[in-house]
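The sequence lines fix the lettering, A, B, ..., with proteins before strands; numbering per chain opens at 1. The structure displayed is predicted, hence computed values, not measured ones. Atoms considered below: every heavy atom in the structure, side chains included; atoms not considered: hydrogens, waters and symmetry mates.
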Amino acid sequence: MQTRFEHFALASMMGEKDSPPRFNGRVCFASEWERQAFGIALALAKTGYFEWEDFRQLLIQTIGEWQRTHALDDPSWSYYEQWLRALERALVQAQVASPAEIDSLLSH
Amino acid sequence: MNERFSYPADREARNAARVKALESLLIEKGIITSGTVDKILGYFETQMGPFNGAKIVARAWVDPAFKEKLVADTPAAIAELDLPTGMAGAEGEHMQAVANTPKVHNLVVCTLCSCYPWPVLGLPPYWYKDPTFRARAVREPRAVLKELGLELDPSVEIKIWDSSAQIRWFVIPERPTGTDGMSEAELASLVTPEAMMGVARAMALGAKTA
């Protein structure tokens with residue numbers, strides 16, 4: 001039986017602290033940009049621009065940094081904001097984009 | 001709008017703009033196309049999730065022979081249905097269905113880890129991983145089920161199924177009464193992931209909210 005990459009990618013996150021929010025057994029997105037950020041990371045790992053595990057380590061690291069500098073119940077928490085940060089880091093780490101290119105996104 | 005709420009709204013807009021800019025950059029570099037994200041997410045949105053399990057349960061409700069086979073040889077029964085590949089289990093683990101009856105209620109837990117038949121049930125709810133839930137479900141299932149809103153008659157026997165890396169259990173809930181004239185698709189809409197974990201009944205008529 002074949003395991004799809006999409007299948008594997010989410011299964012590897014289940015129950016871990018970087019596991020995405022879900023509702024009624026589905027991954028859920030509060031807005032379109034969350035969905036896009038999720039899909040881009042998955043697509044790039046699937047096509048081999050970076051390893052899924054490397055992205056996950058960056059995500060765990062990014063979430064950890066946020067938690068160290070914010071209260072646990074800080075209402076400004078956004079899972080997909082951390083996801084987006086981790087994705088930007090993964091792109092630089094994999095040399096898909098330069099730090100300057102990512103910085104230019106920050107000006108938006 | 002209160003001043004205090006302006007910041008998160010700005011942030012939402014900023015994040016949205018950043019993702020859009022990032023996507024444009026990647027399209028420009030020829031790394032993705034505008035359809036990439038929809039294509040990869042289509043898998044989760046159309047092929048993977050609790051609606052697969054709901055279809056399996058609905059078939060079992062209308063077809064007693066299928067139900068018998070589903071309990072006897074779950075992967076073979078699932079393979080008969082028109083579901084995406086990978087449904088019958090991947091990487092060697094097997095799914096096993098257990099059927100509720102008026103006398104026996106089945107509850108699925110995993111005391112060691114978070115094994116979960118997610119091709120059928122979707123992604124597990126957060127509390128499924130909770131060590132307290134897992135331990136208490138084994139020790140005092142009746143009390144735990146009551147807390148989750150499922151009060152069983154004392155005469156009903158509760159069987160606990162502990163999922164493992166080898167076997168992932170799911171429950172065929174009882175068909176709700178008053179559903180005789182319903183189509184298979186209508187029946188499937190009554191089957192929730194919780195019902196297939198044994199922490200709820202299939203939704204009664206009129207109780208459907210979504």
Side-chain angles (χ1 to χ4, degrees), chain A residues 1-11 13-17 19-47 49 75-78 80-85 87-88 91 94 96-98 101-102 104-108, chain B residues 7-8 11-26 29 31-33 36-45 47-54 75 84-92 113-116 118-126 128-129 192-194 196 210:
Chain A
M1 194 65 75
Q2 288 283 312
T3 305
R4 291 275 300 253
F5 172 80
E6 291 88 336
H7 205 120
F8 152 78
L10 268 197
M13 302 178 94
M14 283 300 96
E16 304 300 328
K17 57 186 165 189
S19 176
R22 48 204 182 272
F23 174 73
N24 195 25
R26 308 288 299 274
V27 186
C28 65
F29 307 105
S31 58
E32 184 57 23
W33 71 264
E34 297 185 350
R35 184 176 176 276
Q36 293 292 113
F38 178 82
I40 291 171
L42 224 64
L44 265 63
K46 188 183 181 181
T47 42
Y49 286 99
S76 72
W77 162 255
S78 159
Y80 280 106
E81 189 170 272
Q82 307 308 315
W83 181 287
L84 178 56
R85 297 277 182 283
L87 174 59
E88 289 168 353
L91 291 172
V96 171
S98 67
E101 282 171 320
I102 296 298
S104 77
L105 302 177
L106 303 184
S107 64
H108 283 270
Chain B
Y7 174 62
R11 208 183 55 176
E12 275 294 299
R14 212 173 55 231
N15 284 333
R18 280 175 65 162
V19 172
K20 209 172 169 61
L22 187 64
E23 194 185 14
S24 302
L25 177 69
L26 295 171
K29 286 173 176 281
I31 288 168
I32 59 172
T33 67
T36 299
V37 167
D38 283 338
K39 199 173 162 210
I40 201 156
L41 288 175
Y43 181 69
F44 296 106
E45 288 162 358
Q47 298 196 52
M48 205 35 79
F51 41 84
N52 288 313
T85 53
M87 278 308 114
E91 314 216 313
C113 52
S114 66
C115 310
Y116 189 83
W118 63 275
V120 166
L121 297 192
L123 308 175
Y126 70 94
Y128 191 71
K129 277 292 291 182
T192 60
E194 287 76 15
M196 293 183 285

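- Both the backbone and the side chain of Ala97(A) come within less than 4.5 Å of a heavy atom in chain B.
- Top candidate by heavy-atom pairs under 4.5 Å with chain B, chosen from Ala37(A), Ala30(A), Gly39(A), Ser78(A), is Gly39(A).
- Listed by chain and residue number, Phe38(A), Tyr80(A) satisfy the ring-ring contact (aromatic ring centres under 6.0 Å, His included) test with Phe29(A) (two or more places apart in sequence, or in another chain).
- Here Lys20(B) pairs with nothing under the salt bridge (charged side-chain N to carboxylate O under 4.0 Å, His left out) rule; sequence neighbours left out.
- Using modelled atom types and a 3.5 Å distance limit, the side chains of Glu12(B) and Trp33(A) yield a donor-acceptor pair.
- For Leu22(B), the parts sitting under 4.5 Å from any heavy atom of chain A are the backbone and the side chain alike.
- Among the candidates Val19(B), Asn15(B), Val37(B), Leu41(B), the residue making the largest number of heavy-atom pairs closer than 4.5 Å to chain A is Asn15(B).
- Of the atoms belonging to Ile31(B), heavy atoms from both backbone and side chain fall under 4.5 Å from chain A.
- Looking at Leu84(A), only its side chain comes within 4.5 Å of chain B, counting heavy atoms on both sides.
- Note that CG of Leu26(B) and CG of Leu91(A) are 5.5 Å apart. Values are rounded to the nearest 0.5 Å.
- Proximity of a side-chain donor or acceptor of Arg11(B) to a complementary backbone N or O of Ser76(A) within less than 3.5 Å is detected.
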